[in-house]
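Working notes, structure below.
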Amino acid sequence: DVQITQSPSSLSASVGDRVSITCQASQDIAKELNWYQQKSGKVPKLLISDAFNLETGVPARFSGSVSGTNFTFTITSLQTEDIATYYCQQYAHLPFTFGPGTTVHL
Amino acid sequence: QVQLVQSGAEVKKPGSSVKVSCKASGGSLSPYTINWVRQAPGQGLEWVGRFIPLLDMANYAHKFQDRVTFVADKSTNTASMELNSLTSEDTATYYCATRSSGNFGAFGIWGQGTKLIVSS
C-alpha cells in the first residue's frame with residue numbers, strides 16, 4: 001500500500017499567516033493526490049485535485065504543488081473560516097490511502 | 001449533479017452485521033464509482049473500498065476485504081455496504097463518496113455520513 005506521511009500533525013497560526021502542509025508518498029503517485037478540508041462535525045470537502053487543480057468555488061488562497069513524491073498544500077493568507085483538519089489522499093494505486101491529517105488552529 | 005443520501009444511524013452488538021445504504025438522487029448511480037470512507041471518533045479518514053456499478057466490481061482495503069461486501073441496486077439507485085463480524089473498533093461514521101468531475105479518484109460528492117456504534 002502507498003503510505004502517506006503528512007506533516008505537521010497540527011499547527012497554530014494567526015489570521016493572515018501563510019500556512020503550508022506537506023504529504024510525502026512512499027512511492028511514485030505522479031500527480032494523483034487530492035486535498036480535503038474537514039471542519040469540526042462536517043463532511044470532508046474536496047479543495048484540490050490532481051496535486052494543484054483548485055475545485056470550482058474554492059478560494060484562490062488555497063493552492064497545491066508537487067515535486068517528485070512530495071506534495072505541498074498552502075493557504076497564502078489564513079482566514080478564521082479555514083480552521084479545520086486537512087487531509088491528503090492518493091488514488092494512483094489501490095487501495096486509496098489518506099494522510100493522517102493536519103489540524104490547523106488559531 | 002447527483003447527491004448522495006445515506007441511511008440513518010445504527011447501534012449494533014459485537015459480532016453482528018450492519019448494512020449502510022447510499023442513495024443517489026438527481027441522477028443515475030450507474031456512471032459513478034461509490035467509495036466508502038470511514039472515520040472513527042476523533043480519528044482520520046480511512047478508505048474502506050469502492051464499488052463500480054457499471055462493471056459490478058468492487059475493490060476493498062486489505063483490512064476489510066474478508067468481512068465487507070458492496071452491492072448496488074440500479075433500479076433504486078442505491079449502493080450499500082455490509083460489514084460483518086463487528087467489533088467496537090468499527091464504531092465510526094461511514095461515508096459514501098463519489099466524483100464530482102471526470103476524476104474518479106477525487107471525492108467531490110459525499111453523503112451526510114452514517115454513524116455506527118458497536119456496543120454490547
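Following chains of ILVMFWY side-chain contacts shorter than 4.5 Å, one can reach Phe96(A) starting from Phe98(A), so the two form part of one hydrophobic cluster.
Other residues, nucleotides and ligands place more than 12 heavy atoms under 6.0 Å from the CZ atom of Arg61(A). Counting heavy atoms of neighbouring residues, nucleotides and ligands inside a 6.0 Å radius, atom CD of Glu89(B) does not exceed 12 of them.
Residues of residues 59-85 of chain B lying under 4.5 angstrom from chain A, judged on non-hydrogen atoms, are Asn59(B), Ala61(B), His62(B) in numerical order. Listed in order of number, the residues of residues 28-48 of chain B that approach chain A to under 4.5 Å between heavy atoms are Asn35(B), Val37(B), Gln39(B), Gln43(B), Gly44(B), Leu45(B), Glu46(B), Trp47(B).
Looking at Tyr95(B), the atoms closer than 4.5 Å to chain A (heavy atoms on both sides) all sit in the side chain, from C-beta outward. Of the atoms belonging to Tyr87(A), it is side-chain heavy atoms, and not backbone ones, that fall under 4.5 Å from chain B. Only the side chain of Ser100(B) has a heavy atom closer than 4.5 Å to any heavy atom of chain A. Proximity to chain B is absent for every atom of Gln90(A), based on heavy atoms less than 4.5 angstrom apart. For Asp50(A), the parts lying near chain B are the backbone and the side chain together; criterion is any non-hydrogen pair under 4.5 Å.
The candidate with the highest count of non-hydrogen atom pairs below 4.5 Å against chain B, out of Glu55(A), Gln89(A), Lys45(A), is Gln89(A).
Between the side chain of Gln112(B) and the backbone N or O of Lys42(A), no donor-acceptor pair lies under 3.5 Å.
Counting only heavy atoms from C-beta outward, the side chains of Pro44(A) and Trp110(B) approach each other to under 4.5 Å. Here the side chains of Tyr91(A) and Phe107(B) are not in contact, with every heavy-atom distance at 4.5 Å or above.
Rounding to the nearest 0.5 Å gives a distance of 9.0 Å between CG of Asn53(A) and OG of Ser101(B). Atom CG of residue Asn34(A) and atom CG of residue Asn103(B) lie 5.5 Å apart, to the nearest 0.5 angstrom.
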